[in-house]
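One structure is given here, and the rest of the page talks about it.
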Amino acid sequence: AIPGGLITPIIRRAETKGLAQIATEAKDLAARAREKKLKPEEFQGGTFSVSNLGMFGIKTFASIINEPQGCILSVGAGGKRAVVKGDEIVIANVMSVTLTCDHRVVDGAVGARFLAAFKEMLEEPLRMIV
């Protein structure tokens with residue numbers, strides 16, 4: 001979010017990049033977005049968005065897809081919550097995410113498989129370091 005509206009900078013070919021490179025590009029794009037120095041190709045034509053209201057303490061929400069994109073992942077706030085593990089209630093760090101898919105582009109079953117893979121990566125974060 002920037003004064004005057006929302007802008008969604010695009011990280012191109014993210015699937016070929018490691019987490020550190022994505023983080024560096026995201027910081028650079030966000031800084032230039034705030035300065036209104038992005039080129040049109042840096043915020044137009046994406047395929048997948050990530051919306052993070054978790055930084056505002058929002059635990060769960062659903063986002064609306066920005067066309068022409070096919071999906072948007074809504075990331076809620078993480079924190080300690082009571083969960084059932086086996087037959088016991090324990091405290092765990094939990095985060096809620098919601099995936100909205102345009103079914104003309106991405107089938108819901110594909111979206112479900114994406115969320116399952118995403119969950120595995122978050123539970124084993126060393127797998128994301130490249």
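We use all heavy atoms of the structure for the numbers below, so side chains are in, but hydrogens, waters and symmetry mates are not.
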Using the rule given for side chain to side chain contact (heavy atoms under 4.5 Å, CB included), can you reason through I10 versus L29, listing the C-alpha separation, both sets of side-chain angles and the distance that settles it, and then say yes or no? CA-CA 8 Å; I10 309 296; L29 288 165; over 6 Å; no

Is it true that I58 and V75 fall in one hydrophobic cluster, defined by side-chain heavy atoms closer than 4.5 Å? no

With [X] via salt bridge (charged side-chain N to carboxylate O under 4.0 Å, His left out) - residues at least two apart:
{"X": "D28", "answer": "R32"}
{"X": "E41", "answer": "none"}
{"X": "E123", "answer": "K119"}
{"X": "K59", "answer": "none"}

Residue pairs fulfilling ring pair (Phe, Tyr, Trp, His ring centres under 6.0 Å) with at least one residue in residues 2-54, sequence neighbours excluded: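 Listed once each, the pairs are F48-F114.
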
Test: ring pair (Phe, Tyr, Trp, His ring centres under 6.0 Å). Region: residues 15-40. Which pairs qualify, not counting sequence neighbours? none

Other ILVMFWY residues reachable from I65 by side-chain steps of under 4.5 Å: I72

Residues that, via side-chain heavy atoms closer than 4.5 angstrom, fall in one hydrophobic cluster with V105: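 The other cluster members (ILVMFWY side chains, heavy atoms under 4.5 Å, direct or chained) are V106, V110.
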
Should the heavy atoms of other residues, nucleotides or ligands under 6.0 Å from CD of E35 be counted, would the total exceed 12? yes

Only pairs under 3.5 Å count here: list side-chain donor-acceptor contacts from residues 89-102, not counting sequence neighbours, and write none if there are none.
unit_1: T98; atom_1: OG1; unit_2: F61; atom_2: O; d: 3.1
unit_1: T100; atom_1: OG1; unit_2: S63; atom_2: O; d: 3.0
unit_1: D102; atom_1: OD1; unit_2: R104; atom_2: N; d: 2.9
unit_1: D102; atom_1: OD1; unit_2: R104; atom_2: NE; d: 3.0
unit_1: D102; atom_1: OD2; unit_2: R104; atom_2: NE; d: 3.4
unit_1: D102; atom_1: OD2; unit_2: R104; atom_2: NH2; d: 2.8

Which residues pass the side chain to side chain donor-acceptor pair (under 3.5 Å) test with E25, not counting sequence neighbours? K17, Q21

Spatial distance of atom CG (L38) from atom CD1 (I7) [nearest 0.5 Å]: 5.0 Å

Find the distance between OG (S49) and CG (L6) and round it off to the nearest 0.5 Å.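 Going from the OG atom of S49 to the CG atom of L6 covers 8.5 Å.
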
Residues in side chain to side chain contact (heavy atoms under 4.5 Å, CB included) with A117, at least two apart?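 Checked A117 against side chain to side chain contact (heavy atoms under 4.5 Å, CB included); zero matches.
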
What pairs with A14 under side chain to side chain contact (heavy atoms under 4.5 Å, CB included), at least two apart in sequence or on another chain?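 Counting only residues at least two positions away or on another chain, A14 forms a side chain to side chain contact (heavy atoms under 4.5 Å, CB included) with I11, I22.
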
